[in-house]
Amino acid sequence: MPLPSDLREAAEEIGPGVVADRRDIHQHPELGYEEKRTAALVAARLRDLGLSVRTNVGGTGVVGVLRGGKPGKTVLLRADMDALPIQEENQASYASQHPGVMHACGHDAHTAMLLGVARVLADRRAQLAGTVKFMFQPAEEGGAGAQRMIDDGVLDDPPVDAAFGLHVDAERYVGQVSVRPGPSNASSDRFTIVVQGRGGHAARPHRSVDPIVVGAQIVTALQTLVSREVSPIEPAVVTVGSMTAGTTFNVIPDTATIKGTVRAYNEDIRALVQERVGELARGIAAAMRASAEVDYRVGYPVLTNDPEKVELVRSALSEVFGIEAVVDRDPSMGAEDFSFVLQRVPGAFMYVGVRNPAWKVPRPVHTATFDLDEDALPIGVAALAATALKFLSE
Ligand SMILES: [Zn+2]
Ligand SMILES: [Zn+2]
């Protein structure tokens, strides 16, 4: 069934409201599991539209259910609501009013866009065949808010047949939307290694066990996991992001602490690296008379888009924006906790270009100067609304 021809106009028409919501949320950013104001705004908007609303789902999450006038399948659309612990450096009128907290990953835009989608679809409720479930989740940035909402039943009652979401893409220009079949975002795990040595006077190292030197060997050896133990045609990353030890120039400390992250694209490699980080750290420490304690935390799984659902997204997007707007996405080693949803329900995650054509360099996410071209907001609204309608009409 073809999509309604006025979908894009409908999204453009409510554009100013979506921009206003985005700016409101941007000015009042909240960290993961603290999204109280944002959740209240979301719940109020959804109730105004006549949706049935559940709050405090998996913490501060909100679920809205829109039942169409005709029976059919259930599709879930998802946005994340949390901000980052970054001090905003932008001078915009809508800059963050909360010191040290900033919507630097575009989740303000995701939330505002999904509210726009709810409005567009609620306006067509009578013709809608099936149910649309709106998932507004807390704590995407490391807190696994999606998993908490799943534990709290977001995928049940009614059960969800397919799930879709989007993220802003700071590299691509406004007007482009990208999506990729199969694995699209990496898994993300973290580790902490504490090397236990024996401190002492820097001038008498033979009477100590220097944890800094042991730690340096471990950091170097970790570099060989990807280069020597993982197949060269499989993407994987081991990054040590922090190494702390000692307090001054002439004292050998007792311990050194190493922290890092592991990214992978398949579960076998993920498991291999997990095992080998521990073996290397403990083995090297033992060989050098020290010991190492390894705390390895499994985080977000690989985000895998269902190829059929990717085709559905592509066909919906080409119908609304023209084929030239739909571009292929390169795989990313970034992680995204929508992967927890896509582990259970087939679906797809798309990326909406937000770079202004006049910006000579991109304004990357997770930086103090991140911003987006708000012309992208109605595009995101139309993209998700079209995807949901396409899925329900098939
Ligand atoms: Zn982020
Ligand atoms: Zn994000």
- Task: Look only at the side chain of Glu88 and the backbone of Ser96, and say whether a donor-acceptor pair between them is shorter than 3.5 Å.
- Result: yes
- Give a yes or no on whether a salt bridge exists between Lys73 and Glu394, defined as a side-chain N under 4.0 angstrom from a carboxylate O. no
- Item | Min side-chain heavy-atom separation Leu222-Leu225 under 4.5 Å | yes
- Query: With side chains defined as the heavy atoms from C-beta onward, is the minimum distance between Met149 and Pro138 less than 4.5 Å?
  - Reply: yes
- Just say parallel, tilted or perpendicular for the rings of His26 and His103, cut-offs at 30° and 60°. tilted
- Task: Output yes when a side-chain donor or acceptor of Asp161 lies under 3.5 Å from a complementary backbone atom of Thr74, and no otherwise.
- Result: yes
- The reported gap from CG in Leu392 to OG1 in Thr131 (rounded to nearest 0.5 angstrom) is 8.0 Å
- Give the cluster check for Leu384 versus Val62: same hydrophobic cluster or not, with ILVMFWY residues linked at side-chain heavy-atom distances below 4.5 Å. yes
- Side chain Thr60, main chain Lys36, donor-acceptor under 3.5 Å: no
- Message: Apply salt bridge (charged side-chain N to carboxylate O under 4.0 Å, His left out) to residues Asp371 and Arg22 and explain how you reach the verdict.
- Response: CA-CA 12 Å; Asp371 203 358; Arg22 182 254 163 171; 3.0 Å; yes
- Item | Whether Tyr94 side chain and Ile25 backbone form a donor-acceptor pair below 3.5 Å | no
- Does NZ or CZ of Lys309 lie under 6.0 Å from the centre of the six-membered ring of Phe391, at an angle within 45° of the ring axis? no
- Message: Taking the side chain as everything from C-beta on, heavy atoms only, tell me whether Met135 gets closer than 4.5 Å to Val160.
- Response: no
- Could you grab the distance from atom CG of Leu377 to atom CG of Leu372, nearest 0.5 Å is fine? 6.0 Å
- So do the side chains of Arg8 and Phe321 get within less than 4.5 Å of each other, counting heavy atoms only? yes
- Query: Any sub-3.5 Å donor-acceptor pair from Asp21's side-chain atoms to Ala112's backbone N or O?
  - Reply: no
- Message: Would you compute the distance between atom CD of Gln137 and atom CG of Asp80 and round it to the nearest 0.5 angstrom?
- Response: 5.5 Å
- Message: Within the structure provided, determine whether Phe349 and Arg78 are in side-chain contact (heavy-atom separation under 4.5 Å).
- Response: yes
- So, Tyr265 side chain and Met333 main chain: donor-acceptor pair closer than 3.5 Å or not? no
- Query: Counting only N and O atoms by type, is there a donor-acceptor contact under 3.5 Å from the side chain of Gln274 to the main-chain atoms of Leu272?
  - Reply: no
- Message: By the side-chain hydrogen bond (donor to acceptor under 3.5 Å, both in side chains) test, which pairs, at least two apart or in different chains, include something from residues 209-231?
- Response: Glu229-Arg276
- Query: With distance as the sole criterion, is a donor-acceptor pair present between the side chains of Ser178 and Arg180 under 3.5 Å?
  - Reply: no
- Message: Any non-hydrogen side-chain atom of Thr367 less than 4.5 Å from a side-chain atom of Ile86?
- Response: no
- Is it the case that one hydrophobic cluster holds both Phe338 and Val57, taking links as side-chain heavy atoms less than 4.5 Å apart, direct or via other members? yes
- Note on the structure: side-chain hydrogen bond (donor to acceptor under 3.5 Å, both in side chains) pairs touching residues 166-177, sequence neighbours excluded, are Asp169-Arg329, Tyr173-Arg355
- For the residue pair Leu121 and Leu389, establish whether any side-chain heavy-atom pair is separated by less than 4.5 Å. yes
- Query: Are Arg45 and Phe136 in a cation-pi setup, meaning NZ or CZ lies under 6.0 angstrom from the ring centre and within 45 degrees of the ring axis?
  - Reply: no
- Message: Just so I know, are the side chains of Val262 and Arg270 near enough to count as touching, which here means a heavy-atom distance under 4.5 Å?
- Response: no
- Please indicate whether Glu13 has more than 12 foreign heavy atoms, meaning atoms of other residues, nucleotides or ligands, lying under 6.0 Å from its CD. no
- Task: Decide, yes or no, whether a salt bridge links Arg314 with Asp328 under the criterion of side-chain N to carboxylate O below 4.0 Å.
- Result: yes
- Query: Do you know the tightest heavy-atom contact between Ala290 and Gly197?
  - Reply: CB-CA, 4.5 Å
- Message: Surrounding CD of Glu308 (heavy atoms of other residues, nucleotides or ligands, distance under 6.0 Å), is the total greater than 12?
- Response: no
- Query: If you measure from CG on Leu77 to CE on Met113, what distance do you get to the nearest 0.5 Å?
  - Reply: 12.5 Å
- Under 3.5 Å, is there a donor-acceptor pair between the side chain of His110 and the main chain of Val168? yes
- Message: With a 3.5 Å distance limit and no angle check, can you tell me whether Asp337 reaches the backbone of Gln147 through a side-chain donor-acceptor pair?
- Response: no
- Where do Val277 and Ile193 land on the side-chain contact (heavy atoms from CB on, under 4.5 Å) test, with the steps shown first? CA-CA 9 Å; Val277 165; Ile193 301 167; 4.3 Å; yes
- Would you name the heavy atoms of Gly64 and Leu51 that are closest together and state the gap between them? C-CD2, 4.0 Å
- Item | Donor-acceptor under 3.5 Å (Lys133 side chain, Val154 main chain) | yes
